[in-house]
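Just the heavy atoms: all of them, side chains too, but no hydrogens, waters or symmetry mates, feed the values below. As the structure lists them, so they are numbered: ligands from 1, and atoms in each ligand from 1.
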Amino acid sequence: MMVDQKVIAERIQRIQKSIPDGVEMLAAVKTRTLAEAKTAFEAGVRLFGHNYVQEAEPMVNSADFPAQWHLIGHLQRNKAKPAVELFDMIESLDSLRLAKELEKRCAQAEKTMPVLIEVNSGREENKTGIMPEDVWELVEFLHSCSRLRLMGLMTMGPLTGDPELARPYYKETRRLFEEIAAAPVPPTEMRILSMGMSNSFRVAIDEGANLIRLGTGIFGPRHT
Ligand SMILES: *Cc1c(COP(=O)(O)O)cnc(C)c1O
């Protein structure tokens, strides 16, 4: 299939112009081809997010452009080893058990991994992310890790048609982010707040997001 490079580049430039300095754009590339990702890279995107280890593997290993690869989907513990090898950041750390496994795998690989804690800010069952009340236990554990570097929080928020409905959840995640940043044992660098997707990134930026994750807004409707 032909990639419409011009359309993708124009969408990226339009969004880049409209977001404040200091807000970074990540391209969510689930179901997308390597050619589409490369087009986004050439238009200036440097961060790419994958939902699945298996889907990421062929793209990350064959990409001939120096992108930063983030995992943004739920990670099963039995995929921690390849995830540590593939990704530059894990945005979807959502349990103590996963943190323990990642710490172990990073030690084996002699690698340091920046992580974001994914918060289930909508407190929805069957949703990824850790419940807000369980975040502190994970933060404390991360203080003791030598391989995992806590850098911030990520949230999806409830998926609704109306981005205004996500606002309270972004607000709550920002409050939690600031509480952690100000905690008595400060983590090394709490500086990334990853919130907002194609239909909601403006509301998320209003509420303090400095990393937005865009799929359809860059590439158009998904192929599958
Ligand atoms: C797909 C996805 C996005 C982007 O969603 P769009 O609505 O296509 O912009 C952002 N974050 C995560 C975790 C995703 O899975």
Side-chain angles (χ1 to χ4, degrees), residues 3-4 7-16 18-19 23-33 36-37 39-41 43-57 59-60 67-76 79 83 86-95 98 114-122 124 126-130 151-167 169-170 173-174 177 192-224:
V3 175
D4 201 333
V7 172
I8 290 175
E10 278 169 4
R11 288 189 186 122
I12 290 168
Q13 277 144 20
R14 199 174 327 121
I15 296 165
Q16 287 286 23
S18 76
I19 62 179
V23 176
E24 270 206 271
M25 183 199 302
L26 170 147
V29 291
K30 58 177 170 278
T31 78
R32 311 297 174 177
T33 62
E36 286 172 296
T39 298
F41 183 89
V45 175
R46 290 294 172 268
L47 307 179
F48 292 80
H50 275 282
N51 289 69
Y52 304 104
V53 169
Q54 295 99 309
E55 201 180 73
E57 225 154 26
M59 186 185 290
V60 173
Q68 297 271 309
W69 305 99
H70 289 197
L71 181 67
I72 60 173
H74 177 66
L75 178 60
Q76 288 174 327
K79 299 274 162 43
L86 283 172
F87 294 106
D88 301 297
M89 181 183 288
I90 292 175
E91 294 198 20
S92 47
L93 178 61
D94 62 0
S95 75
L98 177 59
V115 298
L116 307 183
I117 295 174
E118 182 184 350
V119 183
N120 182 351
S121 55
E124 297 171 290
N126 307 319
K127 268 304 255 306
T128 56
I130 189 168
M151 301 201 66
L153 302 181
M154 185 268 251
T155 199
M156 296 274 282
L159 291 182
T160 63
D162 179 1
E164 275 304 323
L165 297 176
R167 191 183 289 275
Y169 304 97
Y170 294 152
T173 305
R174 199 239 179 111
F177 175 87
I192 300 177
L193 189 50
S194 175
M195 325 190 279
M197 316 202 307
S198 296
N199 77 333
S200 58
F201 70 90
R202 296 190 195 283
V203 173
I205 291 170
D206 265 3
E207 298 304 334
N210 57 17
L211 178 56
I212 57 176
R213 307 180 310 271
L214 309 179
T216 52
I218 292 176
F219 301 110
R222 272 186 275 283
H223 307 320
T224 51

>> Holding to salt bridge (Lys or Arg N to Asp or Glu O under 4.0 Å), I want the full list of residues that pass it with Arg11, two or more places apart in sequence or in another chain.
In response: none
> Rounded to the nearest 0.5 Å, how far apart are CG of Asp162 and CZ of Arg167?
Replying inline: 10.0 Å
> Looking only at side chains, do Glu36 and Thr39 share a donor and an acceptor under 3.5 Å apart?
Replying inline: no
>> Pair Phe48, Trp69 - check ring-ring contact (aromatic ring centres under 6.0 Å, His included), show working.
In response: CA-CA 5 Å; Phe48 292 80; Trp69 305 99; 5.5 Å; yes
> Is a side-chain N or O of Arg46 found less than 3.5 angstrom from the main chain of Phe41, in a donor-acceptor match?
Replying inline: yes
> Which protein residues have a heavy atom closer than 4.0 Å to any atom of ligand 1, listed by chain and number?
Replying inline: Ala28, Lys30, Asn51, Ile72, Met156, Met197, Ser198, Arg213, Leu214, Gly215, Thr216, Arg222
> When His74 is tested against each of Asp94, Asn51, Thr128 for side chain to side chain donor-acceptor pair (under 3.5 Å), which residue passes?
Replying inline: Asp94
